[in-house]
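Keep in mind that the numbers below use all heavy atoms, side chains included, and drop hydrogens, waters and symmetry copies.
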Amino acid sequence: MANDNKVNKLAFLPVMLTFFTMGFVDLVGAASNHVQADLHLTEAETYFIPSLVFFWFLIFSVPTSALMNRIGRKNTVLVSLVVTLLSLILPLFGNGYWLMLVAFSLLGIGNAIMQTSLNPLVTNLISGDKLAATLTFGQFVKAIASFMAPIIMTWGAVGAIQLFDLSWRVVFVIYGVIGVLAMLFLYLTKIEEQPLDGKSSGFAECFKLLGHPFVLLCFIGIMCHVGIDVGTNTTAPKLLMERLGWTLDQAAFATSLYFIFRTIGCFSGSFILRYVPSKIFFAISALMIVAAMVLMGMGQSQAMLYTGIALVGFGNSNIFSIIFAEALKAEPDKQNEVSGLMIMGLFGGTIFPLFMGFASQAVGTVGAVLVMAVGALYLTGYTLKIKK
């Protein structure tokens, strides 16, 4: 038993480094604003970029659950890292619209495979009532990559990081090196996985799980969470530019502010969830998001907007982990399939930005905030369904 614990602790390190690479997908919000500035895109064209990234979660999540049953969770994570590295290489050759769409599509595909396989892989290291806290710690590590990305992009754009005249695209080089290290570290680490029967679960078998009312509620909850997440890191700079007259470089910190507070929320949540019931903590988090939507929708000052962005960052930080853990516990014998469904729920990152783009083009950035507010209200209602 002691040796097993030692192996698990050693395996925890490369798994957490892989959670860091999972955060690479969050650079799409800040990157889309830079692409808009470079190529003079419309609001609808700009919001289409993050929508495309998360579209691939709809296509690849459930097949990934079948792939896990065949080749194992660790090998599936390694596949996701290879695809992610390919996505980081393409932008080094230019910043044309179609090239960026292909790169971000690969980033979405790699992240869909990664999120579907990495979260269940954690159950081979941690189980029981510590699972939600451990997944939250993984989200904390992921959030570090998320808030670093817009900072690195800004440094590259203003010339603080000069590398091959890449400007803001220098982030792809830095994250590419980290991705290679994560892949090698995980490949060389032994992780004992639960034996699987090797059967492939098709779309029909996975979707049958949506007949479980609570699993369906979890699925919609994940959609709302990621819609708010992607929506905020794209919309936050636009709020500052629209209402305070700031430039993109001045407003870019808004995205980092969101992820800084999301990082703080994940880190503190990994400890709080060990002592506070998930239901209570989730309720507090959901109410913080609702309050944030009010501030972001009505705020006209830097203080009010920053407070709203910080609140939604902190409040949204633990939503995914709690919902994911609750879904896995609801169907303990179908964890791979449930994981595929929950990650498919990240398709909300496609649906929300599309509606936000149209709403923003019609009535201004406040329209995008109203779309996110719908998701915030759903999460508040979902709280009532979480078991004590």
Side-chain angles (χ1 to χ4, degrees), residues 23 25-34 36 43 46-51 53-54 139 142-151 153 221-244 246 248 251-266 285-299 302 304-320 345-357 359-360 364-380:
V25 75
D26 290 322
L27 65 81
V28 66
S32 62
N33 288 324
H34 283 285
Q36 181 183 30
E43 289 293 304
T46 304
Y47 276 103
F48 177 71
I49 296 174
S51 293
V53 170
F54 288 92
Q139 291 297 308
K142 172 180 179 285
I144 295 175
S146 301
F147 86 74
M148 282 177 57
I151 295 175
M153 288 184 212
I222 293 289
M223 291 184 69
C224 293
H225 155 75
V226 74
I228 294 168
D229 181 60
V230 176
T232 300
N233 71 66
T234 303
T235 304
K238 296 181 183 297
L239 286 171
L240 296 172
M241 293 165 67
E242 180 182 285
R243 297 181 188 173
L244 304 181
W246 289 8
L248 176 58
F253 177 71
T255 303
S256 294
L257 179 67
Y258 168 76
F259 284 116
I260 287 170
F261 275 87
R262 188 173 168 191
T263 304
I264 294 171
C266 288
S285 299
L287 290 173
M288 290 178 70
I289 298 174
V290 172
M293 292 301 121
V294 174
L295 288 170
M296 291 169 65
M298 301 175 63
Q302 179 182 342
M304 290 182 69
L305 293 173
Y306 269 18
T307 301
I309 294 167
L311 276 176
V312 71
F314 192 92
N316 207 30
S317 59
N318 298 286
I319 297 295
F320 175 85
L346 296 180
F347 178 63
T350 292
I351 296 175
F352 271 71
L354 281 176
F355 282 108
M356 290 169 66
S360 179
T365 309
V366 68
V369 176
L370 289 173
V371 173
M372 291 191 290
V374 174
L377 291 174
Y378 176 87
L379 293 176
T380 305

If you define the side chain from C-beta out and look only at heavy atoms, does anything of [X] sit under 4.5 Å from [Y]?
{"X": "Val369", "Y": "Leu239", "result": "yes"}
{"X": "Leu311", "Y": "Ile289", "result": "no"}
{"X": "Phe259", "Y": "Lys142", "result": "no"}
{"X": "Ile260", "Y": "Phe253", "result": "yes"}
{"X": "Val28", "Y": "Ile49", "result": "yes"}
{"X": "Val312", "Y": "Met288", "result": "no"}

According to the interplanar angle, ranging from 0 to 90°, do the rings of His225 and Phe320 count as parallel (below 30°), tilted (30 to 60°) or perpendicular (above 60°)?
-> tilted
How close do [X] and [Y] get, heavy atom to heavy atom, and via which atoms?
{"X": "Ala359", "Y": "Ala368", "result": "CB-N, 4.2 Å"}
{"X": "Ala149", "Y": "Leu27", "result": "CB-CB, 3.7 Å"}
{"X": "Thr46", "Y": "Ser32", "result": "CG2-O, 3.6 Å"}
{"X": "Ala254", "Y": "Pro237", "result": "CB-N, 3.9 Å"}
{"X": "Phe352", "Y": "Met223", "result": "CE1-O, 3.8 Å"}
{"X": "Ile222", "Y": "Gly345", "result": "CG2-C, 3.7 Å"}

Could you give the distance from [atom1] ([X]) to [atom2] ([Y]), rounded to the nearest 0.5 Å?
{"X": "Met296", "Y": "Leu370", "atom1": "CE", "atom2": "CG", "value": "11.0 Å"}
{"X": "Ser285", "Y": "Asn316", "atom1": "OG", "atom2": "CG", "value": "8.5 Å"}
{"X": "Asp26", "Y": "Thr255", "atom1": "CG", "atom2": "OG1", "value": "10.5 Å"}
{"X": "Thr232", "Y": "Met372", "atom1": "OG1", "atom2": "CE", "value": "4.0 Å"}
{"X": "Leu257", "Y": "Leu305", "atom1": "CG", "atom2": "CG", "value": "10.5 Å"}
{"X": "Ile351", "Y": "Met356", "atom1": "CD1", "atom2": "CE", "value": "13.0 Å"}

Is a side-chain N or O of Ser360 found less than 3.5 angstrom from the main chain of Gly367, in a donor-acceptor match?
-> no
Would a distance-only check, ignoring hydrogens and angles, find a side-chain to backbone donor-acceptor pair under 3.5 Å from Thr234 to Gly231?
-> no
Pairs where residues 366-375 contributes a residue and the test side chain to side chain donor-acceptor pair (under 3.5 Å) is met, not counting sequence neighbours | none
Just grab all the salt bridge (charged side-chain N to carboxylate O under 4.0 Å, His left out) pairs involving residues 224-244, residues at least two apart or on different chains.
-> Glu43-Lys238, Asp229-Arg262
Only counting residues at least two apart or in another chain, list the ones meeting ring pair (Phe, Tyr, Trp, His ring centres under 6.0 Å) with Phe147.
-> none
Considering residues, nucleotides and ligands other than Phe355, do more than 12 of their heavy atoms fall under 6.0 Å from its CZ?
-> no
